[in-house]
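Everything quoted here is computed from the prediction, not taken from an experiment. Proteins get letters first, then strands, A, B, ... in listed order; numbering begins at 1 in each.
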Number of protein chains: 2
Amino acid sequence: MRHVAALAGVGIKTVSRVMNDEPGVSEATRQRVLQASQQLNYQLDMAAGSLRRSGRQTLSIGLLLPSVANPFSSEIHRALEDTLSERGIAVFAASLDDNPEREKALVAAFLGRRVDGMVLTPIARSQAYVIPEHSRDLPMVFIDREPVGIEADAVVTDNAAGAARAAAHLLGHGHTRLAYFGDTPDIQTARERRRGFLEQLGQAGIPTSTVSVREGLRDVESARLAARAVLASDEPPTAIFSSQNLVTFGVMRALKELDASRRVALVGFDDFALADMMDPGITVIAQHPERIGRLAAERLLARIDGDDGAPRTYVVPSELIVRGSGELPPSY
Amino acid sequence: MRHVAALAGVGIKTVSRVMNDEPGVSEATRQRVLQASQQLNYQLDMAAGSLRRSGRQTLSIGLLLPSVANPFSSEIHRALEDTLSERGIAVFAASLDDNPEREKALVAAFLGRRVDGMVLTPIARSQAYVIPEHSRDLPMVFIDREPVGIEADAVVTDNAAGAARAAAHLLGHGHTRLAYFGDTPDIQTARERRRGFLEQLGQAGIPTSTVSVREGLRDVESARLAARAVLASDEPPTAIFSSQNLVTFGVMRALKELDASRRVALVGFDDFALADMMDPGITVIAQHPERIGRLAAERLLARIDGDDGAPRTYVVPSELIVRGSGELPPSY
DNA sequence: TAACGATGAGACAACGTTGTCACGAAATAT
DNA sequence: ATATTTCGTGACAACGTTGTCTCATCGTTA
């Protein structure tokens, strides 16, 4: 900046004024400064600016996701970016990989970079442990899962209601022997989905004990093996609900291997690309990552702008998408 | 930092020394400072540090992708993150959406944040227009496409060779009436793939004029319509090569609608989830985003560390994955 | 005992900005 | 004609750090 000032023959404060579009600069000098800055290819140093500037905004936020490569996460990422980029806010994105150590380290990294806010998918048992006291007043929005041990906004899917809808759908098609395939119950969303599914069955008079419940399924392969085992049992289920993308894939594989895709009904939680191209098309409870991302961004911006209302949890409804696999009749 | 110093009863420089693990601090004072900093939940301000620090690293880089929500892009993102996070480097990720204006604006945004380097997928015709002179010395690595008008490292897939392999594969299965479905030839990768495909056919004695070439296909729908049109023609192709993910999806849809999935061979560029679950499985030329990302990260780190060798283009080989759709015999 | 080097610690300036204030000149009001 | 306001501009301190330098203390050696 000193160089620009020297070249234009003005004081540095005048350059600062021009670069920030502040008033009180004559058109003549403005042009002179602009020309000098272009000649030197000068660009304001945001970090130095926010150091001095009151309010001290860095126009950047931190985003913590299970993995940036996970399609569900990356759609949330995209929606956040779209909303935030209108305000010139840049996004630091990082992947957690279910590792609480990483969660802690990444939060610290964001804090050290003085982000204006954070959006995170929590994994540690309690976030009080992960988020230092001092950042109580740092705008934070949790997504997908609600925070524990800390008061903050959250944007989540209606997991229990969505799973209940899946149950009702399968019941409506005459199924009474059902199976639940789920992720590990350590995860709040997985617990909620199980609860919603089983409670709905309970209300229809189907005791939980008659439902095949398989949990702790974290990847395609474990889900595939679990599905094969359950389908090979004496009284196999006539319908399966899988609580998550990868689990759905595993079940699909097992059904295909056993040539049972058209015999056993399937409803999966989470939509995915090409679900309609399968044979039959896969009926799913779709989440709306773009709405979750947008809502999270809006809440974060509101907090950054000073909204200090009580923290709230926002629920984004899921949606049943009928494609064939969930409408197969029971076959005994 | 002043507060920590006051609480510990030392000078601020001593606190700085402790926080940076510099030598020359007695264990006793070190403990006192550490305790004070924990009590106040103090954390170094990286921005202020890099302002003063010589070398002036911010430990952050910028990443420009077609879209963070694009699976291919997000896997590159992930690989980059994995390599860079070992060095404590954070990633600003942003989406381009084929918009040269955005490209320019985002590069400026990164520059203003004084990133240590950038990894980008260029879209503008020339990057000289987009990248200011002054950042000549900013480490930059281009991915997926080579830069124009600027000398820099690039990491790309062997697009022409991969497409040629697809052509050879189809020829090997007896096809002589082929179709090429491609993205807009504005994009370097699309041009390369077309060239590779057609040249290979030419070498086999199949004149380009007999190949149905449809280009400018940017999404599933346009590809679907184009495929329907070509397949309804007098002498429909017995095999199709689609040069990109979305185009492949469109062709798959058209084939399914026409009940021709088992009659017309298909090889797609880009692998995708569940390709093996289709009926038949989709044969593809797979790129290796994780290798591209890792290599790009390594090159960027080398540049950041001062490597000033001549810029090079690194080619990551693609791979033919056989799944059924590409091995169907011609049916006249 | 005097001279010396090693060690721990702080004072101070500087990094690139912006907020505050002051100043001179021009424009307006009295 | 003089007093007052407005306008354009720059000097200076401060933001939170770190590099450089200096200084006091202590133990060692001649």
Original post:
OP1 or OP2 of C:dT17 sitting under 4.0 Å from any side-chain N/O of A:Ser16?
Top reply: no
Original post:
To the nearest angstrom, how far is B:Asn20 atom CG from D:dT17 atom P?
Top reply: 10 Å
Original post:
To 10°, what angle do the rotation axes through the five end pairs on each side of the helix from C:dT1-D:dA30 to C:dT30-D:dA1 form?
Top reply: 50°
**OP:** Taking atom CD of B:Gln35 as the centre, report whether more than 12 heavy atoms of other residues, nucleotides or ligands fall under 6.0 Å from it.
**Re:** no
Subject >> Under-4.0 Å salt bridge between A:Glu81 and B:Arg102 >> reply: yes
Subject >> Pairing residues for B:Asp45 by the salt bridge (Lys or Arg N to Asp or Glu O under 4.0 Å) criterion, not counting sequence neighbours >> reply: A:Arg114
Subject >> Closest-nucleotide ordering on DNA chain C, the 5'-leading residue of B:Arg32 and B:Leu51 >> reply: B:Arg32
Original post:
On the ring face of B:Tyr314, is B:Arg299 found with NZ or CZ under 6.0 Å from the centre and within 45° of the axis?
Top reply: no
**OP:** Let me know, please, whether B:Thr14 or A:Met19 comes out on the 5' side of the other along DNA chain C by nearest nucleotide.
**Re:** B:Thr14
Original post:
Can a donor-acceptor pair be found between the side chains of B:Glu192 and B:Gln188 at a distance below 3.5 Å?
Top reply: no
**OP:** Using atom CD1 of B:Ile12 as one end and atom C1' of C:dA11 as the other, report the distance to the nearest whole Å.
**Re:** 9 Å
Original post:
Does A:Ala128 offer a backbone N or O that forms a donor-acceptor pair with the side chain of A:Ser126 under 3.5 Å?
Top reply: yes
Original post:
What residue pairs, at least two apart or across chains, pass side chain to side chain donor-acceptor pair (under 3.5 Å) with a residue in residues 64-73 of chain A?
Top reply: A:Ser67-B:Arg78
Subject >> Between P of D:dT9 and CZ of A:Arg30, the distance in whole Å >> reply: 12 Å
**OP:** With sequence neighbours excluded, give me every side chain to side chain donor-acceptor pair (under 3.5 Å) pair touching residues 142-151 of chain B.
**Re:** B:Glu146-B:Thr313
Polar atom pairs between nucleotides 19-23 of chain C and protein, under 3.5 Å, N or O only, would you list them?
unit_1, atom_1, unit_2, atom_2, d
C:dG19, N7, A:Lys13, NZ, 2.9

**OP:** Determine whether the side chains of A:Ser50 and A:Gln57 contain a donor N or O and an acceptor N or O closer than 3.5 Å.
**Re:** no
**OP:** Using a 4.0 Å heavy-atom cut-off across all strands, classify B:Leu44 as base, sugar-phosphate, or nothing.
**Re:** sugar-phosphate
Could you list all N or O pairs between the protein and nucleotides 4-8 of chain C that sit under 3.5 Å apart?
none

